[in-house]
Protein chains: 2
Amino acid sequence: MDNNHQDYYFCIDHYRNKMRGRPATYDNDAVVLKAQEVFWEKGYSATSLQDLQNATQMGSGSLYNTFRGGKKELFSKALQQRREAFQAFKKELKQSASPMDLIRDFFSSVALADEHTHLKGCIVANTATALAFIDNDLEAEAVNILKDVEKMFTDTIREAQRTGAVTNPADAAVLGRYLITCWNGLNVTRRMHPHKEKLKALIEMQLSILR
Amino acid sequence: MDNNHQDYYFCIDHYRNKMRGRPATYDNDAVVLKAQEVFWEKGYSATSLQDLQNATQMGSGSLYNTFRGGKKELFSKALQQRREAFQAFKKELKQSASPMDLIRDFFSSVALADEHTHLKGCIVANTATALAFIDNDLEAEAVNILKDVEKMFTDTIREAQRTGAVTNPADAAVLGRYLITCWNGLNVTRRMHPHKEKLKALIEMQLSILR
DNA sequence: ATATTTTTGTAATGATCATTACATAATTAA
DNA sequence: TTAATTATGTAATGATCATTACAAAAATAT
């Protein structure tokens, strides 16, 4: 019998090739996405397994069979889903003709979100904020993602300084750290002022430092 | 009998004037301070009443007799303690000959903290971040404190623009909002980089916008 | 003295927590 | 057809959760 297809698909359940056993009824990625939504609003500590069962419509049996690490594994997978969303943006950035403009647009678009989105903030920054003395592993995962975003900022700025799209001559590493700090700050301030005009002016002020 | 002294002291237990009943063994403010330390590290949701009993050395009987609102009242009192610390700074600012320099020094001093302090961040910003979908009252208290700080920034900047200590002619309200956003951002980024030199350069970059 | 009031410590309380056990269902392999 | 395997749903499990009940302690008031 030919089992090689399993290797191509890395055993992702949805594409599994005639494995033995009852087929899964739940789509794994969709379940993690539902979990992500709950975690994003309530945070890791305040989210119960009952919350996750309600959101995913999965029973504890299936949940623990699929995510043997329980709540922690689910949260980690949710974080990785956000990392992938970031990596998609980074890919878009690489193909862009004017990457610095794309980053500016990204910041500007934050102001346009609705109130609920403002109140949610950024799940990665939320995690870095909340879990330092609760769970080192998850906190480190969040910090790593933020550092990756910072690196993307730094690399983009360094190149933009070369082309003249950024005229501020300061160390690109400092400017990159400045931008990730703008992002981190924005995700608290937008809860104080979930108000388009106020946020628009704020973000313009933040970005004015670059040129 | 003369009971008027009670009124002068607003019934603060420590100064109580011959009230009937067993005298309290615990200092109320010290208990709230201990609670504040736990809440600051673990956050509201992840802090158990057992944690609070351990930290304060109080039994649940005394705890609930003193803080009849339980965990929530204790957290609220802890937040108010931070608000008082802020008000003390604001008072100092009012008496200062160069208020803008005092604010600059405040930001600069953040870089000098030790790693543990960096990882704790700001309990007020932490609360605004974590409790939006958990407890509206406590989240609003935190947001109000942040707005007070923002107002202090704005007022100080407006006056500094008049005296020339700030040369950036932008709307003081936007610059004030920019500064509270710097603070909010710093309190996430310092967890990513609990490193004096990196934070020092970052803060200088943040403040460079003012002049 | 005795009644009144307040604080304290301990022992419930019932709810909810994350996790596990297990029988059943649904599929493929032999 | 039957054995093997995997997923599912339900029902425990024991721990921990926030909170309350209550009796004893320690003070003042009468």
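Sequence lines set the chain letters: A, B, ... in the order given, protein chains first and strands last, and positions in each chain run from 1.
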**Study point:** Geometric cation-pi criterion Lys77(B) and Phe67(B), 6.0 Å radius, 45° cone
**Key:** no
Point to revise | Under 3.5 Å donor-acceptor pair, Thr25(B) side-chain atoms to dA26(D) base atoms | key: no
Exercise for review: Answer whether the closest heavy-atom distance between the side chains of Thr129(B) and Asn184(B) falls below 4.5 Å.
Suggested key: no
Review point. To the nearest angstrom, how far is Gln53(A) atom CD from dA7(D) atom P?
Key: 17 Å
Revision key, fill the gap. In whole angstroms, the gap separating C1' of dT19(C) from CZ of Phe67(A) amounts to 16 Å
Practice item. Take Gly69(A) and Ser60(B), find for each the nucleotide of DNA chain C with the closest heavy atom, and name the residue whose nucleotide sits nearer the 5' end. Key: Ser60(B)
Practice item. Could you check if a side-chain atom of Cys182(A) sits within less than 4.5 angstrom of a side-chain atom of Thr181(B), using non-hydrogen atoms only? Key: no
Listing time: all N or O pairs from protein to nucleotides 22-26 of chain C that are below 3.5 Å?
from	atom 1	to	atom 2	distance (Å)
dA26(C)	N3	Arg22(A)	N	3.3

Point to revise | Distance in angstrom units between Arg68(A) CZ and dA21(C) P, rounded | key: 14 Å
Exercise for review: Calculate the interatomic distance between Asn65(A) atom CG and dT20(C) atom P; express it in whole Å.
Suggested key: 12 Å
Review point. Nearest-Å distance, CG (Leu63(B)) to P (dT10(C))?
Key: 14 Å
Point to revise | Gap between atoms OH and C1', on Tyr26(A) and dT6(D) respectively (whole Å) | key: 14 Å
Check your understanding: Under 4.5 Å between any side-chain heavy atoms of His193(B) and Lys147(A), yes or no?
Key -> yes
Exercise for review: Establish, yes or no, whether a centroid distance under 6.0 Å links the rings of Phe153(A) and Phe106(A).
Suggested key: no
Practice item. Please state how far atom CZ in Arg20(B) lies from atom C1' in dT2(C), giving the value in whole angstrom units. Key: 12 Å
Practice item. In whole angstrom, give the distance that lies between atom CG of Asn28(B) and atom C1' of dT7(C). Key: 12 Å
Study note, to complete from the structure: Each nucleotide of nucleotides 13-18 of chain D classed B (base within 4.0 Å of a protein heavy atom), S (only sugar-phosphate) or -, in 5' to 3' order, makes ----SS
Check your understanding: Using 4.0 Å as the upper bound for N to carboxylate O, is an ion pair formed by Lys151(A) and Asp148(A)?
Key -> no
Review point. Is there side-chain contact between Leu179(B) and Glu150(B), with at least one heavy-atom pair below 4.5 Å?
Key: no
Point to revise | salt bridge (charged side-chain N to carboxylate O under 4.0 Å, His left out) partners of residues 115-126 of chain B, not counting sequence neighbours, each pair once | key: none
Exercise for review: Scan side-chain atoms only and decide if Asp105(B) and Ser108(B) contain a donor-acceptor pair under the 3.5 Å cut-off.
Suggested key: no
